[in-house]
There are 2 protein chains.
Amino acid sequence: MKALSVTEKLQQKDVKPTANRILVYETMAKLGCPLSISDIEDNLLSIDKSSIFRVITLFVQHDVVHAIEDGSGSLKYEICHEDLLHALGGHVHFYCEKCHHTFCLEGVDIPLVQIPEGFESKSVNYMIKGICPSCCKKNEIGNNLA
Amino acid sequence: MKALSVTEKLQQKDVKPTANRILVYETMAKLGCPLSISDIEDNLLSIDKSSIFRVITLFVQHDVVHAIEDGSGSLKYEICHEDLLHALGGHVHFYCEKCHHTFCLEGVDIPLVQIPEGFESKSVNYMIKGICPSCCKKNEIGNNLA
DNA sequence: AAAAAGATGCAACTTGGTTGCAAAGTTCTT
DNA sequence: AAGAACTTTGCAACCAAGTTGCATCTTTTT
């Protein structure tokens, strides 16, 4: 299985690969972690906020990316890797309350639950909040110095 | 175990029971489901938005309520029922993408997962999105008529 | 090349959340 | 009971994220 170019990946999802779209995709791929519109904006000063918004909206509609909610106040987006065929679930996310960074716990699959009769499930979000390893470490050092 | 009055419940959490705070609490208790600041505002026209905000902020600090994120764009708050002693987890929530209502699946506990070394977990959110029973039903009727 | 369709940038706007400040209400002290 | 000190509240103003209308520019189609 050879790696597809960004252009091919977009075409595969019926998204016309314009310059902006390729840039947004590449930025998301490069940074690897879930990003908000503003995060993308900060990394792509050449593109207007509204254009990024429209690109992301299109990406969501065409399943190029999906949205996740950490509690940061802004929605985060992440490239879909369906090669992992996450039927419904996908993986667990972790939000660091200290550095406000969102991590994908790629290895940790969301355990599915039985929901009551009548509810129809479309997607699942599993979000753990706490302190990430590097902030834990900083904390210890801080405490030792104090 | 007798039921505590709202005043007693607040005092128990070290919150001075002012008129506004009692009203906010009662509104949340009455409606039962997770509510946003705006939802509360709509139900309590007598109280200013900023006051509701401050009441909720205080409630969160004193563990009277806790926040949950459905993907609706606004944070929702829910009265803590720790009699159920949800160690970390608590129950699963369901967000209806059609009526934009958030449900507590009280009976459905969040299954906990093993997270990687170094991460320190403080809280967990499990959010299912889809269509709720009453919107499912409306949909069927709609389709039959069409 | 002209017409049609699509993508982009700018500016303006909406909404949810948040803060400063003065007025109103409480509590404490004398 | 009167006044000082503190707390709570409402108003207005502000901020950030998200969103939309519109004119312009680009691409595609004919």
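Within every chain, numbering begins at 1; the chains are lettered A, B, ... in the order of the sequence lines, protein sequences first and strands thereafter.
- Nearest nucleotide to the A:Arg54 side chain, out of D:dC11, D:dT28, C:dG9: C:dG9.
- B:Gln61 places its CD atom 14 Å from the C1' atom of C:dT18, with the value rounded to the nearest Å.
- The side chain of A:Phe53 sits closest to D:dG18 out of C:dT19, D:dG18, C:dC10.
- Taking atom CD1 on B:Ile47 and atom C1' on C:dA24, their separation rounds to 15 Å, with Å as the unit.
- Checked by atom type, the side-chain pair A:Asp48/A:Ser50 shows a donor-acceptor distance below 3.5 Å.
- Heavy-atom distances to DNA chain D give each of B:Ala19 and A:Ser38 a nearest nucleotide, and the one nearer the 5′ end belongs to B:Ala19.
- Rounded to a whole Å, the CG atom of B:Asp39 is 14 Å from the P atom of C:dT15.
- Computed from coordinates, the A:Glu41 CD to D:dT19 P distance equals 14 Å when rounded to whole Å.
- With hydrogens and angles left out, the side chain of A:Lys16 and the base of C:dG6 share no donor-acceptor pair within 3.5 Å.
- Counting to the nearest Å, the P atom of C:dG16 and the CD atom of A:Glu69 are 16 Å from each other.
- A:Ile56 has its CD1 atom 14 Å from the C1' atom of D:dT19, to the nearest Å.
- Closest approach to the A:Ser74 side chain among C:dG17, D:dG18, D:dT19 is made by D:dG18 (side chain taken as heavy atoms from C-beta onward).
- Separating the CD1 atom of A:Ile52 from the C1' atom of C:dT8 is a distance of 12 Å, rounded to the nearest angstrom.
- Just one of A:Thr7, A:Val64, A:Val55 meets the side-chain contact (heavy atoms from CB on, under 4.5 Å) condition when paired with A:Arg21; it is A:Val55.
- Across all non-hydrogen atoms, the minimal contact from A:Cys132 to B:Phe119 is CA-CD2, 4.0 Å.
- A:His101 and A:Tyr95 form no side-chain donor-acceptor contact under 3.5 Å, judged by distance and modelled atom types alone.
- Candidate nucleotides C:dT8, D:dT9, C:dC10 were compared by shortest atom distance to the side chain of A:Ser50, and C:dC10 ranks first.
- For A:Leu75 and D:dG18, the CG to P distance is 6 Å, given to the nearest whole Å.
- Picking from D:dT9, D:dT20, C:dT8 the nucleotide with the shortest atom distance to the side chain of B:Thr18 gives D:dT9.
- Scanning both residues, A:Cys96 and A:Phe103, for their nearest heavy atoms gives CB-CE1, 4.1 Å.
- Ranking C:dG17, D:dG18, D:dT8 by closeness to the B:Arg21 side chain, first place goes to D:dT8.
- Distance from the side chain of A:Asn20 is smallest for C:dT8 among the nucleotides D:dG10, C:dT8, D:dA17.
- Comparing C:dG9, D:dT19, C:dG17 by their closest approach to the side chain of A:Lys49 singles out D:dT19.
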